[in-house]
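Note that the numbering runs from 1 along the sequence shown for the chain.
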Amino acid sequence: MNKPRHNEGGTFNQKADFHSGKEVNFVYVRKRKNTEAVKDEMASVNLSSPWSLSDVPRRKRTQKRANGKEKSFSIPKKKLDTGIFGHCLEKLWRRISEDKRKSCAYFDCLWFSLYRSRSSKAKVLTWIKKVDIFSKQYVFVPILCWDHWTLLILCNFGESSQSTSRTRCMLLLDSLEMADPKRFEPEIRKFVLEIYKSQGRAETKDAIYRIPFLVPKVPQQRDGEACGSFVLYFISLFLQKAPENFNMDGYPYFMNKNWFTLESLDNFCEKFDSCEVLYT
């Protein structure tokens, strides 16, 4: 199975499927001519779960102008599915400086959800190995769980636990504090432990479980739809403001309730395509 792609649109209904206790096999269908043979072939596809082909995560095609260029794009004012979120994150990432791309990385927005499925766990850990997180200063991990977006940031994972200038830690940024973000900690710690083990790292389980797990106070959403937009804005602003040497002496740095206004978030979403998101 290749790395997951969500390139034709659609949503990823993990709430209904990951808690069903049934194995899920993901089928990704390449768009082809709508012949009778193709129709028959698609009709014969069987999944060992209650999914249909319409449930498979696929990213919507980007609309283009007549001259082949992409149309101006704004982040929708609604709950973002994995296709739209992934499209926005890729666009954002293309605008950062080469130095930032070398020192930072991000996981596909489906990886954590797929990791939670027993049948996909090993594949996800293989994909993560290619990211080489232990050579990165910051790694952004978007999480979609229980129909809610949060952002995990892995900081300085290549540093020694004895380092005082660059602290190894995990940050969880959640725009819906009332949902109790700390509830994710056991599963995230297990996820991190398996990353270390799969890559043959020498750290013990006790050492990994002592990595600080921090939940800074951040601006909060006022509805049930904006969590995906908040996560994209968290990433955008963190890339601009993150210190060269992140350590516990300076924590929480800029991350607080007044980090940004809702008006600035709206402006980010509305002018996403035209914003100068070139982080040096």
Side-chain angles (χ1 to χ4, degrees), residues 1-6 12-26 28 48-49 57 82 85-86 89 103-163 166-174 179-215 231 234-235 246:
M1 178 177 171
N2 294 324
K3 191 179 294 186
R5 298 174 64 190
H6 23 94
F12 186 63
N13 189 354
Q14 72 175 55
K15 183 175 182 181
D17 298 300
F18 281 115
H19 296 281
S20 66
K22 297 183 180 181
E23 279 200 7
V24 177
N25 294 322
F26 298 92
Y28 298 88
S48 57
S49 78
T82 56
F85 183 96
L89 182 51
S103 63
C104 302
Y106 70 91
F107 289 0
D108 187 285
C109 61
L110 288 175
W111 284 4
F112 187 82
S113 297
L114 290 172
Y115 162 82
R116 302 176 77 222
S117 171
R118 183 173 55 187
S119 63
S120 304
K121 182 177 296 186
K123 296 181 181 68
V124 172
L125 293 172
T126 299
W127 300 331
I128 290 173
K129 187 179 295 186
K130 297 177 182 179
V131 177
D132 193 16
I133 68 170
F134 299 103
S135 70
K136 307 297 182 181
Q137 190 172 2
Y138 301 111
V139 179
F140 301 95
V141 185
I143 293 175
L144 178 60
C145 195
W146 299 305
D147 205 31
H148 176 61
W149 289 100
T150 55
L151 176 65
L152 173 67
I153 307 176
L154 309 178
C155 304
N156 302 317
F157 265 40
E159 298 294 329
S160 164
S161 59
Q162 281 75 45
S163 175
R166 289 187 173 183
T167 303
R168 186 170 55 174
C169 67
M170 293 175 273
L171 303 173
L172 186 65
L173 279 56
D174 193 339
D180 184 22
K182 292 286 278 187
R183 75 192 187 282
F184 291 113
E185 182 176 357
E187 196 164 6
I188 288 173
R189 285 197 178 278
K190 182 181 177 183
F191 178 53
V192 168
L193 174 63
E194 295 205 28
I195 292 173
Y196 272 84
K197 289 171 61 178
S198 69
Q199 300 195 29
R201 303 287 295 188
E203 288 86 345
T204 65
K205 179 179 178 179
D206 287 344
I208 294 169
Y209 271 71
R210 286 197 297 270
I211 297 175
F213 183 88
L214 309 170
V215 184
V231 168
F234 288 154
I235 295 172
F246 191 102

Do the side chain of Ser120 and the main chain of Arg116 share a donor and acceptor less than 3.5 angstrom apart? no
Is the shortest heavy-atom distance from the side chain of Tyr106 to the side chain of Ile235 under 4.5 Å? no
Looking only at heavy atoms, the pair that brings Trp149 and Pro142 closest together is CZ3-CB, 4.1 Å
Separation of Lys190 NZ from Tyr209 OH (nearest 0.5 Å): 8.0 Å
Nearest heavy-atom contact between Ser161 and Arg168 is CB-NH2, 3.1 Å
I need the Leu151 CG to Ile143 CD1 distance, nearest 0.5 Å. 8.0 Å
Give the C-alpha distance, both sets of side-chain angles, the deciding distance and a yes or no for side-chain contact (heavy atoms from CB on, under 4.5 Å) between Phe112 and Val124. CA-CA 8 Å; Phe112 187 82; Val124 172; over 6 Å; no
Looking at OH of Tyr196 and CZ of Phe134, how far apart are the two atoms once the value is rounded to the nearest 0.5 Å? 4.5 Å
Without swapping roles, check the side chain of Ser113 against the backbone of Leu144 for a donor-acceptor pair under 3.5 Å. yes
Heavy-atom nearest pair, Trp146 first then Arg183, reads CZ3-NE, 3.4 Å
Are the side chains of Ile128 and Tyr115 in touch, meaning some heavy atoms are under 4.5 Å apart? no
Show your working on side-chain contact (heavy atoms from CB on, under 4.5 Å) between Phe246 and Glu159 and close with a plain yes or no. CA-CA 11 Å; Phe246 191 102; Glu159 298 294 329; over 6 Å; no
Any non-hydrogen side-chain atom of Val139 less than 4.5 Å from a side-chain atom of Phe157? no
The reported gap from CG in Leu173 to CD1 in Ile153 (rounded to nearest 0.5 angstrom) is 5.0 Å
Is there a donor-acceptor pair under 3.5 Å between the side chain of Lys129 and the backbone N or O of Ser198? yes
Could you tell me which non-hydrogen atom of Ile211 sits nearest to which non-hydrogen atom of Cys169, and how far apart they are? CG2-CA, 3.6 Å
Stepwise side-chain contact (heavy atoms from CB on, under 4.5 Å) test for Leu114 and Lys123: CA-CA 9 Å; Leu114 290 172; Lys123 296 181 181 68; over 6 Å; no
First locate atom CZ of Phe107, then atom CD1 of Ile133, and finally report the distance between them rounded to the nearest 0.5 Å. 5.0 Å
Between the main-chain N or O of Val215 and the side-chain N or O of Asp174, is there a donor-acceptor pair closer than 3.5 Å? no
Kindly say whether Cys155 contributes a backbone atom to a donor-acceptor pair with the side chain of Arg166 at under 3.5 angstrom? no
So which heavy atom on Val192 is nearest to which on Met170, and how close? CG2-SD, 3.6 Å
Distance check, rounded to the nearest 0.5 Å: Lys121 atom NZ versus Thr126 atom OG1? 13.0 Å
Which pair of heavy atoms, one from Cys104 and one from Lys136, lies closest together, and at what distance? O-CD, 4.0 Å
May I ask you to check whether over 12 heavy atoms, not counting those of Lys182, lie within 6.0 Å of atom NZ? yes
